[in-house]
Amino acid sequence: MTINFDYPDPNKVLGLSTSSYTGVVDWEKAYANGVRFAIIKAMDGLSLSTFFKENYAGAKAHGVLVGAYQWLRYPYAWQSAGGQGRAFANLLKDFPLDLPSFFDFESQAAYGTPDVDSNALWGAIYPFQQSYNGKVGIYTGHYYWAEHGSTKQLWSGYSLWQAQYNKGLFDITPPWGGCDFLQWSEKGKGTDYGVPTDGEIACELNYWRGTLSELQTFCGGGKRVEKRRVGSF
């Protein structure tokens with residue numbers, strides 16, 4: 001499927017994802033220029049992410065639907081997968097979300113060869129779900145998941161937020177038939193969306209798979225996502 005990754009498509013619901021590189025976003029400007037949801041980096045392993053609290057408060061104050069993510073670090077002695085998952089759940093008790101909470105599964109290859117059946121991902125998700133009553137999702141890239149992930153149907157029940165690097169095209173990532181959220185950043189024109197600087201690393205734009213009304217409905221239940229109909233671009 002061909003998708004416009006050069007400039008925002010006015011027919012799609014636009015979102016902004018943040019990291020420590022993004023700085024504190026001017027959410028009034030972001031909303032005015034079409035941003036309707038945000039997925040904000042909350043934790044890097046066990047560490048609170050820089051600017052999480054400021055961007056959470058700003059997005060909420062300006063009517064932007066908010067999700068959060070944790071960059072998973074490969075489990076080792078002082079930073080276990082379970083410890084990371086529990087820390088994320090504990091943090092979010094004070095920061096209610098509209099969108100799912102996402103586990104960022106993309107960096108562990110540097111420490112070995114993880115698989116989703118090992119502690120690298122499931123070891124964080126399982127304890128997280130025991131104490132967090134909210135929607136849970138996975139962020140990953142098509143090629144990373146193809147190499148280190150799994151096609152077991154268990155994973156298709158989790159909301160997928162996919163990084164898209166194949167410019168102009170959308171890659172299907174099994175076992176999902178599509179994804180709920182799609183990240184792209186070809187232009188990286190951050191100052192158009194309230195980000196203090198330009199560049200791909202700072203401005204990560206996203207699409208939701210459906211209409212704004214469908215996104216609001218998706219956000220409304222507040223119940224954990226296990227098995228569900230997967231949307232598609």
Are any non-hydrogen side-chain atoms of [X] and [Y] less than 4.5 angstrom apart?
{"X": "Tyr143", "Y": "Asp171", "answer": "yes"}
{"X": "Ile138", "Y": "Leu121", "answer": "yes"}
{"X": "Phe88", "Y": "Ser131", "answer": "no"}
{"X": "Leu212", "Y": "Arg36", "answer": "yes"}
{"X": "Ile3", "Y": "Leu169", "answer": "no"}
{"X": "Tyr21", "Y": "Val195", "answer": "no"}
{"X": "Gln164", "Y": "Gln162", "answer": "yes"}
{"X": "Pro174", "Y": "Thr151", "answer": "yes"}

Atom [atom1] of [X] with >12 non-hydrogen neighbours under 6.0 angstrom:
{"X": "Lys53", "atom1": "NZ", "value": "no"}
{"X": "Phe95", "atom1": "CZ", "value": "yes"}
{"X": "Glu214", "atom1": "CD", "value": "yes"}

Between [X] (side chain) and [Y] (backbone), is there a donor-acceptor pair under 3.5 Å?
{"X": "Asn33", "Y": "Asp192", "value": "yes"}
{"X": "Lys12", "Y": "Thr211", "value": "no"}
{"X": "Tyr207", "Y": "Asp9", "value": "yes"}
{"X": "Asp44", "Y": "Ser47", "value": "no"}

Hey, which of Leu205, Asn206, Ile40, Thr22 is the one that makes side-chain contact (heavy atoms from CB on, under 4.5 Å) with Ser17?
-> Asn206
Phe105 and its side-chain contact (heavy atoms from CB on, under 4.5 Å) partner, picked from Trp145, Trp71, Tyr139 = Trp145
Would you please test Phe170 and Ile172 for side chain to side chain contact (heavy atoms under 4.5 Å, CB included) and show each step?
-> CA-CA 7 Å; Phe170 172 68; Ile172 296 292; 3.4 Å; yes
Within this structure, what is the [atom1]-[atom2] distance for the pair [X] and [Y], rounded to the nearest 0.5 Å?
{"X": "Asp198", "Y": "Tyr193", "atom1": "CG", "atom2": "OH", "value": "10.5 Å"}
{"X": "Leu92", "Y": "Ser101", "atom1": "CG", "atom2": "OG", "value": "6.0 Å"}
{"X": "Tyr69", "Y": "Ser19", "atom1": "OH", "atom2": "OG", "value": "5.0 Å"}
{"X": "Leu154", "Y": "Ile125", "atom1": "CG", "atom2": "CD1", "value": "8.0 Å"}
{"X": "Leu97", "Y": "Lys60", "atom1": "CG", "atom2": "NZ", "value": "7.0 Å"}
{"X": "Glu54", "Y": "Phe52", "atom1": "CD", "atom2": "CZ", "value": "10.0 Å"}

Nearest atoms (heavy-atom pairs only) where [X] meets [Y]:
{"X": "Tyr165", "Y": "Ala163", "answer": "OH-CB, 3.4 Å"}
{"X": "Val66", "Y": "Ala59", "answer": "CG2-CB, 3.6 Å"}
{"X": "Gly45", "Y": "Gln84", "answer": "CA-OE1, 3.3 Å"}
{"X": "Pro127", "Y": "Gly82", "answer": "CG-CA, 3.7 Å"}
{"X": "Leu14", "Y": "Gly34", "answer": "CB-O, 3.6 Å"}
{"X": "Leu160", "Y": "Gly178", "answer": "CD2-O, 3.6 Å"}

Start with the C-alpha distance between Asn90 and Tyr132, add both sets of side-chain angles, then the distance that settles side chain to side chain contact (heavy atoms under 4.5 Å, CB included), and finish with yes or no.
-> CA-CA 8 Å; Asn90 188 58; Tyr132 182 75; over 6 Å; no
Side chain to side chain contact (heavy atoms under 4.5 Å, CB included) assessment of Cys203 paired with Leu16 | CA-CA 7 Å; Cys203 184; Leu16 179 68; 4.3 Å; yes
Do Trp122 and Ser150 pass the side chain to side chain contact (heavy atoms under 4.5 Å, CB included) test, and can you show the C-alpha distance, the side-chain angles, and the key distance before you say yes or no?
-> CA-CA 12 Å; Trp122 182 247; Ser150 168; over 6 Å; no
Say whether Val25 and Phe51 are linked into one hydrophobic cluster, either directly or through other cluster members, by side-chain heavy-atom distances under 4.5 angstrom.
-> no
Would a hydrophobic clustering, with Ile, Leu, Val, Met, Phe, Trp and Tyr connected at side-chain separations under 4.5 Å, put Val136 with Leu91?
-> yes
Please determine which of Trp208, Tyr31, Phe181, Trp161 meets the ring pair (Phe, Tyr, Trp, His ring centres under 6.0 Å) test together with Phe37.
-> Phe181
Sequence-distant partners of Asn55, side-chain hydrogen bond (donor to acceptor under 3.5 Å, both in side chains), two or more places apart = Trp27
Going by an N to O cut-off under 4.0 Å, is there a salt bridge joining Asp104 and Lys41?
-> no
For the ring pair Tyr158 and Phe103, is the centre-to-centre distance below 6.0 Å?
-> no
